[in-house]
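See below for the structure under consideration.
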Amino acid sequence: MSSKLEIEQQIINIAEESIALLKAQGEPFPDDIPIIQTEVPRDEKYGHISLNIAMQLAKKMGRNPREIAETIIQKMELSNTYVIKTEVAGPGFINFTLDNKRLFDELEVILSENSNYGKTNLDQPKSINVEFVSANPTGPLHIGNARGGAIGDTLANIYHWAGWAVSKEFYLNDAGNQIIKFGESLAARYLQIFDPEIPFPEKGYLGHDIIDLAEGYYKEFGDSLVHVTEDKRTETLIAYGLQINISNMKRDLERYRIIYDTWFHESALHNGGMIDDIIQVLTNKGDTYESEGAIWFRATNHDCEKDEVLIRANGVPTYFAADIAYHYNKLKTRNFDMAVNVWGADHHGHVHRLQMALKAAGIAPERLKVVLMQLVSLMKDGEPVRISKRSGKSITLSDLLDEVSVDAARYIFNTNNATTHLNFDMDLAIEQSNENPVFYVQYAHARIQSILRSVSSKAATCDFSLLTEKTELALIDKMTDFSKEINLAARDYDPSRMTRYAYDLATCFHSFYNACRVNCDEAGLREARLKLISACGFVLKSTLSILAVDAPDRM
RNA sequence: GCGUCAGUAGCUCAGCUGGAUAGAGCAACGGCCUUCUAAGCCGUAGGUCAUGGGUUCGAAUCCCCUCUGGCGCACCA
């Protein structure tokens, strides 16, 4: 019970019990007590943990917040805790000062749990499906997919550490209009091998990868598709192109350290009748109608501005219909408690209507959370790199990883909150210097391992209370935040917390390193410090593993 | 036009869902290596939290107006 997360929860419970007791004794506390939350005061003179509940209650009760705080403190049962001092301060904060023993106790926990330290469990097991990247298989993965991949994969790892049963999923859009367009583009490029005058479809895919695929087919199968029907040619080339593109995507993602549990094919929704099923569900609820030959979803009945087409007049389902069926499959058929999607911000208009369609189908919309990420600008030589998918000149994930290490890419894509625009500076990512935050964190780990190689431990036990230096205590304190950080990252769907935490922890270690010598003359202190840095190594490595960044032993 | 996300130090970003004196990194300036990795550490300087109002014990944080920027408003995905 000595991690920050546990101690804060314990104090919340004690405060709640105190208030309940006071209420039972006839004190005029309101029925709707606000949810009690802890804070960490900026200045240590205000203690280690602080509550503002008295100030929140003051208005409801019409009493002085400091008086309320005093009353609450008197009934708090703190005998079996690390609290050594309570105080009412300022306008009515209740401040708690904690015994350093909590740090030493937690150090023991870290050392015994090592690579499992920081994992928490939920009261009840919950399952979560994290879907990310889900790029069209009509071309290679680009730089935006790289950000989505880093965010989604890290988010999934965070949920795993927070105690959820996690499934990583890629939604493969292997059906629909863009696949037809893909096939027509391939067919044109294929025929152009024999007759360069053959026209290219107006809105076809211009990328060079399409030409490569067409030529690849020609090399393998020659002119076998020249004299067949158009449908047969397109169909064959689609199957050929998809198979190659999908296996290339898998290869590039694996290089990027992303392994999916499920590759969900959109075509399965069409072939398996799942789209028909969902339309039946919506129709049974009276939420569809027919107009101009199309079947519509009555979205205006569900807080949307306009109705949406589900089945086009030509009988082909829209992307929207497929997406409803897909999420119905996730949340109803496969029964995940939560579905999290990482989408580009350009899809934000789609979020609300999808949630509303799910609600119409009887699924609580809160079970679907969409993390919208802003797009990436790539900077090189101080200049923005133009990204145009249309012209086929986009930077691919594979190109990126040829220049930048996976470690740097995955770390940097998680430095900013997903909601903010990210400038990815190629020069900085390549640079091996103090400006590159990845190296800063990795360097801390390598330094630790270097010390552990050169200074040997001679005792099985040691006395952590010998650790009294400010930097020593600050380092342990930062380690005890680990599980709290994971839980906050999970709560906020924000993987960028982990890079910030890694950086802060590395800073605490570097400060300690410069202020204190591990290999010091006093044997007891040396043992304690060896254990200290060993524990720090575990936490650093775990943090980096959530980000799927290597923790090197040497640099 | 409507919706949406954002605007915090010269630059890139935090700010723990309303708390106490707004914080980091880079850039600038000044220090620290004959002992465990200087890819490091310590310090100085840098702010009208876009603007104006509102809510209250208390606002960078919540609400409204305005300004600026990104994105979206298809029988595309």
Side-chain angles (χ1 to χ4, degrees), chain A residues 37-43 45-46 50 52 55-56 58-59 64-66 89-93 95 134 136 138 173 176-179 181 203 266 291-296 305-306 308-323 344-352 372-375 377 415-423 425 428 431-444 446-455 471 481 484-485 488 491-492 496-497 500 503-504 506-507 509-520 526 529-530 533 554-555:
Chain A
Q37 285 176 324
T38 56
E39 297 168 33
V40 178
R42 199 185 354 259
D43 195 325
K45 76 181 178 198
Y46 298 123
S50 177
N52 64 359
M55 289 179 288
Q56 291 182 309
K59 196 184 349 175
N64 182 328
R66 293 187 60 110
F93 291 105
N95 293 340
S134 297
N136 279 338
T138 50
N173 303 117
N177 275 338
Q178 87 286 353
I179 291 297
K181 209 161 71 181
K203 288 186 176 173
E266 183 188 345
S291 173
E292 299 168 47
I295 296 176
W296 296 70
E305 285 181 7
K306 55 186 177 60
E308 302 286 340
V309 172
L310 295 171
I311 308 287
R312 299 181 181 92
N314 64 9
V316 178
T318 59
Y319 172 82
F320 183 50
D323 224 18
D346 51 336
H347 290 78
H348 78 82
H350 187 56
V351 177
H352 187 245
L372 292 172
M373 66 171 184
Q374 296 291 325
L375 302 182
S377 305
T415 50
N416 286 14
N417 190 302
T419 53
T420 67
H421 188 91
L422 180 82
N423 285 313
D425 188 334
L428 179 60
E431 197 167 337
Q432 308 209 349
S433 77
N434 59 336
E435 288 183 50
N436 190 329
V438 194
F439 285 92
Y440 179 87
V441 176
Q442 291 181 320
Y443 183 51
R447 261 185 160 174
I448 289 169
Q449 301 312 319
S450 171
I451 299 170
L452 293 176
R453 280 192 298 272
S454 62
V455 184
T471 54
D481 280 340
K484 183 183 167 187
E485 283 297 327
L488 288 175
R491 183 197 69 183
D492 296 341
S496 70
R497 290 196 79 102
R500 265 175 254 125
Y503 196 92
D504 288 346
T507 297
F509 170 74
H510 287 309
S511 293
F512 157 78
Y513 177 88
N514 275 271
C516 304
R517 208 178 146 71
V518 175
N519 196 13
C520 57
R526 184 166 64 235
R529 284 179 175 167
L530 276 170
I533 64 165
R554 295 168 203 270
M555 284 176 77

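Everything numeric here is computed off the predicted structure, so don't read it as measured data. First the proteins, then the strands, lettered A, B, ... as listed; each starts at 1.
The base of B:rG72 does not come close enough to the side chain of A:H350 for any donor and acceptor atom to sit less than 3.5 Å apart. On a pure distance criterion of 3.5 Å, a polar donor-acceptor pair joins the side chain of A:R517 and the base of B:rU35. With hydrogens and angles left out, the side chain of A:H348 and the base of B:rC5 share no donor-acceptor pair within 3.5 Å.
B:rC33: glycosidic angle within 90° of 0, hence syn. Base orientation at B:rU17 is syn, since its O4'-C1' glycosidic dihedral falls within 90° of 0.
In the set B:rC57, B:rG72, B:rA77, the nucleotide with an atom closest to the side chain of A:N136 is B:rA77. Across B:rA38, B:rG3, B:rG19, the shortest atom-to-atom separation from the side chain of A:M55 is found for B:rG19. Listed nucleotides B:rC75, B:rA20, B:rU37 differ in distance to A:S50; the shortest reach to its side chain belongs to B:rA20.
Comparing B:rA9 with B:rC13, their C1' atoms are spaced 11 Å from each other, to the whole Å. For the P atoms, the distance from B:rC32 to B:rG46 is 24 Å, rounded to whole Å. Comparing the P positions of B:rU61 and B:rC5 gives an interatomic distance of 16 Å, to the nearest angstrom. Atom P of B:rG15 sits at a distance of 15 Å from the matching atom of B:rA50, rounded to the whole Å. On the C1' atoms, B:rC41 is 31 Å away from B:rA60, given to the nearest whole Å. B:rU17 and B:rC63 are spaced 16 Å apart, taking the C1' atom of each and rounding to whole Å.
A sub-4.0 Å separation between OP1 or OP2 of B:rG40 and a side-chain N or O of A:N514 is absent. A sub-4.0 Å separation between OP1 or OP2 of B:rC16 and a side-chain N or O of A:R42 is absent. Between B:rA77 and A:R312, a contact under 4.0 Å exists linking OP1 or OP2 to a side-chain N or O. Distances shown here put every side-chain N or O of A:Y46 at or beyond 4.0 Å from the OP1 or OP2 atom of B:rU21. In this structure, A:S450 reaches the B:rU37 phosphate: one of its side-chain N or O atoms is under 4.0 Å from OP1 or OP2. The shortest distance between the side-chain N/O atoms of A:N177 and the OP1/OP2 oxygens of B:rC76 is below 4.0 Å. A sub-4.0 Å separation between OP1 or OP2 of B:rG19 and a side-chain N or O of A:N52 is absent.
A:Y443 has its OH atom 6 Å from the C1' atom of B:rA39, to the nearest Å. The CG-C1' distance, from A:D346 to B:rC71, rounds to 7 Å in whole Å. One atom, CG of A:N436, and another, P of B:rU12, lie 18 Å apart when rounded to the nearest Å.
For A:F93 and A:Y46, the gap between ring centers reaches or exceeds 6.0 Å.
Geometrically, A:R447 engages A:Y513 in a cation-pi contact defined by less than 6.0 Å to the ring centre and at most 45° from the axis.
Using the Watson-Crick or G-U wobble rule with both distances under 3.5 Å, B:rU4 pairs with B:rG70. Taking a pair to require two hydrogen-bonding distances under 3.5 Å in either a Watson-Crick or a G-U wobble arrangement, B:rG40 pairs with B:rC32. The base-pairing partner of B:rC26, taking Watson-Crick or G-U wobble contacts with both distances under 3.5 Å, is B:rG10.
Centre separation under 5.5 Å together with a plane angle under 30° does not hold for the ring of A:Y440 and the six-membered base ring of B:rG40, so they are not marked as stacked. Remark: ring of A:F93 overlaps the six-membered base ring of B:rA20 in a stacked fashion, centroids less than 5.5 Å apart, planes less than 30° apart. The aromatic ring of A:H347 sits over the base of B:rA77, with ring centres less than 5.5 Å apart and planes tilted by under 30°.
Among the heavy atoms of the strands lying under 4.0 Å from A:Q37 are primed sugar atoms or P, OP1, OP2 only; no base atom is included. Among the heavy atoms of the strands lying under 4.0 Å from A:E305 are primed sugar atoms or P, OP1, OP2 only; no base atom is included. Contact annotation for A:S496: no contact, since no heavy-atom pair falls under 4.0 Å across all strands. The residue A:A313 sits close to a base: some heavy atom pair falls under 4.0 Å.
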